[in-house]
Amino acid sequence: MTVLRVILADQLSAQLEVVARAEKGKDVFLLAEVMAEAIYVRHHVKKIAFQFSAMRHFAEALKSAGYKVRYVGLEDDGNSQSLGGEILRAVEALRPSRILITEPGEWRLRDDFEALRLALPVPFDILPDTRFLCSHAEFEAWAVGRRELRMEYFYREMRRRHHLLMEPDGKPSGGRWNYDAENRKPPRAGLDSPRRLSFRKDAITLAVLDLVRRRLPENYGRLEPFHFAVTRQQALRELDHFITHILPGFGDYQDAMIRAEPYLRHSLLAAYINAGLLYPLEVCRKAEDAYREGHAPLNATEGFIRQILGWRAFVRGIYWRFMPGYVDSNALEAREPLPWFYWSGDTNMACMKEAFQHTFDHAYSHHIQRLMITGNFALLAGIDPKAVHEWYLAVYADAYEWVEAPNTIGMALHADGGLLASKPYAASGNYIKRMSNFCDGCAYDPSVSIGENACPFNALYWDFLARHRGRFSGNARMPYVYANWDKMGADKQTALRSQAEAHRVAMREGRL
Ligand code: FAD
Ligand code: DLZ
Ligand code: SF4
C-alpha cells in the first residue's frame, strides 16, 4: 500500500525519516508550491524563488533516484493553493494507506496539520524533525525548573552533548567557553566582503524566476541578480567556500557594518541550513575541523559554532515552549504602527536606509544590522512587535517563524519580557557610529541629541529608558545608564523626551 510522504519547502533533507525510509516505486512524495504560503506575508521574491527552485531540484533528485513524486507547481491545473488542500487532493487521487509528514517549523501549520490528521480517515503521522541539535524533550528537560533560561548555560550543555570544541579532559578548547569579547572590533579601514559564490542558473531556476516575476508582482524585494545555491551540492560548495576563505576572519569583525558591504565575513548559510540543504551538525563539525587543522583561530570558530549550536537551537526551544502565545507578546506595550519606510526604504537615516537596501536587494542583512539597526530602531520607537515580526518573517531568505519570532520578539524587541534575553539590546547613535561607517554623510549627526540634525537614535534611546524605568532600573546590567540619565537634570531630560516625541511624529508622517 502507498504511503504519502509530504515534504515542505524547508524540509529538503534526505536524512529526514519521511524521506529516508521511503519505498521506491511504491510510496509517493508530495511537494506543493502554493499561493497561501507565498502571500500570507509579503515574502521577498528571492526567498520564494530560492524555495521553489530548491523544491523542484529536490523533487528531480528523488525522481532520478527512482522514487514516485507528485510535484504540484504554482500554476498547475487544480492546485488548491494551500498545503492542506494539496494533501486532501493527493489523498483523493492516490488513496494512500498512510500519510507521513515532518513537524513543520510554524505553529500555524502544525495546528492545521493536526486538524487534518483528526479529520482524515487515513492514519496521518507528524514525525519529529530530527535535524535539530536539541529535541523538544531535551530542551524541556534542560529548561524545566530553571528560574531563567539563558543561552550561555544551554550552550555549554550542548557543547558537552555534541562533543564540539571539547578537550579529552572535559574542558572547553582553549580553556574558555566563550570568546565573544574578541569578536566586537569596530570596522578597520579597507574592511570589505571577500568574493562570494554565484551559482549558474539552470532551466529549472530560470523557469522559477519567470514564474515569480509574473505571479507575485506584489511581493517585496529585488528578484535579480539571483545568486543562491538551490541544491545540496551547491550548498556544500558554499559551505566549503566559507570554511576555506571566510571562517578564519569570522570572529574579529562579526559586529562591524560597512556601507555597500552586506556580507563581510558572515557565512550566508542560514537560508541553506533552515531549508534543509545543509545539516547544522555537519556545518559545526567542518568548522571545528578547520580549527583543529590550524586553519581557523579559536575566537572565529567558537563564535561561529555558538551561533548554530547555541543560539539557533536555543531560539527553537524558546519558540516551541512558549507558543502559541509567544507571537502576541507585547511586554513593553509598544503600539506604533510599522513605518512605511521598512518596506520602501525611504528614510533620511543613513543606517536604516543601508540595512533596507541590503534587505531589498539580497533578502539578507547580517545579524548586527537586524538587531542593532532595524531591530533597535523598532525597540526604541515603540513599534508594535507583531508588525515588526511579520516584516522580518517576510523579508529574509532564511526566515521561518520558529527562528525569526524569538529573534524579533525576544532578542530585538524584548517584547517577551526577558524570556530570551536578560536585557534589551537598546543603543544610541554612538554605538552605530562606532561599529559602522554609516553615519558619514547621514542627514543626522550621531553626536547631536536635540535639534534639527539630531540623530533620532539618541533621544529615542533616552526616552525608551525613561519610559521603561520601572521595568529596567532593577536590572543588574543597567544601573550605569540610569545613573547617566539622572546626572542630566530635569531640563535636559524634558528636552530629550520632547525631541523623541518629535521624532515619532516625523516617523508617523514619513519625514524621518
Ligand atoms: P552568520 O552570521 O554567518 O551565523 C552563522 C549561523 O549561525 C547562521 O547561518 C545561523 O544558522 C546561525 N545563527 C546566527 N545567529 C543566530 C540567531 N540569533 N538565531 C538563530 N540562528 C542564528 N536567523 C534565521 O536563520 N532566520 C531568521 O528569520 C532570523 N531572523 C532574525 C531576526 C532578527 C530581528 C534578528 C536580530 C536575528 C535574526 N536571525 C534569523 C538570526 C541571524 O541574524 C541570522 O541567522 C543570520 O544573520 C543569518 O546570516 P548568516 O547565515 O550569514 O549568519
Ligand atoms: C515560506 C514558504 C513559501 C513562500 N512557499 C511554500 C510553498 O509553496 N510550499 C511549502 O511547502 N512551503 C512554503 N513555504 C514555507 C512554509 O510557509 C513554512 O514556513 C514552512 O513549511 C514551515 O516548516
Ligand atoms: Fe543612523 Fe544616526 Fe548615524 Fe544617521 S547619524 S546613520 S541615523 S546612527
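Start at 1 and go down the list; that is how both ligands and their atoms are numbered.
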Ring centre gap for [X] and [Y] strictly below 6.0 Å:
| X | Y | answer |
| --- | --- | --- |
| Tyr319 | Tyr326 | no |
| Phe356 | Tyr342 | yes |
| Tyr263 | Tyr364 | yes |
| Phe226 | Phe228 | yes |

Give the residue, atom name and distance (to 0.1 Å) of the protein heavy atom nearest [atom].
| atom | result |
| --- | --- |
| atom 2 (O) of ligand 1 | His266 ND1, 2.7 Å |
| atom 4 (Fe) of ligand 3 | Cys442 SG, 2.3 Å |
| atom 6 (S) of ligand 3 | Cys351 N, 3.4 Å |
| atom 45 (O) of ligand 1 | Ala270 CB, 4.0 Å |
| atom 5 (S) of ligand 3 | Tyr444 O, 3.4 Å |
| atom 20 (C) of ligand 1 | Arg312 CA, 3.5 Å |
| atom 5 (C) of ligand 1 | Phe304 CE1, 3.4 Å |
| atom 13 (C) of ligand 2 | Ala9 CB, 3.5 Å |
| atom 2 (Fe) of ligand 3 | Cys455 SG, 2.4 Å |

Near Phe438 (heavy-atom distance under 4.0 Å), the atoms of ligand 3 are 6 (S)
In ligand 3, the atoms that come under 4.0 Å of a heavy atom of Ile432 are 8 (S)
Once you restrict to heavy atoms under 4.0 Å, what part of [X] touches ligand 2? Side chain, backbone, both or neither.
| X | value |
| --- | --- |
| Gln51 | side chain |
| Leu109 | side chain |
| Glu37 | both |
| Leu83 | side chain |

Do the charged groups of [X] and [Y] touch, with an N to O distance under 4.0 Å?
| X | Y | result |
| --- | --- | --- |
| Glu114 | Arg117 | yes |
| Arg213 | Asp210 | yes |
| Arg215 | Glu75 | yes |

Mind checking whether [X] has an N or O less than 3.5 Å away from an N or O of ligand 1?
| X | answer |
| --- | --- |
| Ser267 | yes |
| His367 | yes |
| Leu268 | yes |
| Tyr364 | yes |
| Leu269 | yes |
| Asn407 | yes |

Q) Is it true that some N/O/S atom of Cys439, main chain or side chain, lies under 2.8 Å from atom 4 (Fe) of ligand 3? A) no
Quiz item: cation-pi between [X] and [Y], 6.0 Å / 45°:
| X | Y | result |
| --- | --- | --- |
| Lys433 | Tyr444 | no |
| Arg370 | Tyr396 | yes |
| Arg321 | Phe139 | no |
| Arg265 | Phe304 | no |
| Arg42 | Trp343 | yes |

Exercise. Leu8 to ligand 2: N or O pair under 3.5 Å?
Worked result: no
Among the heavy atoms of Phe250, does any lie under 4.0 Å from an atom of ligand 1?
-> yes
Discussion item. Under a 3.5 Å cutoff, is there a donor and acceptor pairing between the side chains of Arg511 and Asn348?
Written reply: no
Margin query: Looking at ligand 2, would Arg108 count as a contact under a 4.0 Å heavy-atom criterion?
Written below: yes
*Please confirm whether Phe52 comes under 4.0 Å of ligand 2, counting heavy atoms of the residue only.*
yes
Note: ligand 2 atoms sitting under 4.0 Å from heavy atoms of Pro104 are 23 (O)
Shortest non-hydrogen pair, Gly375 vs Leu413, comes out as O-CD2, 3.8 Å
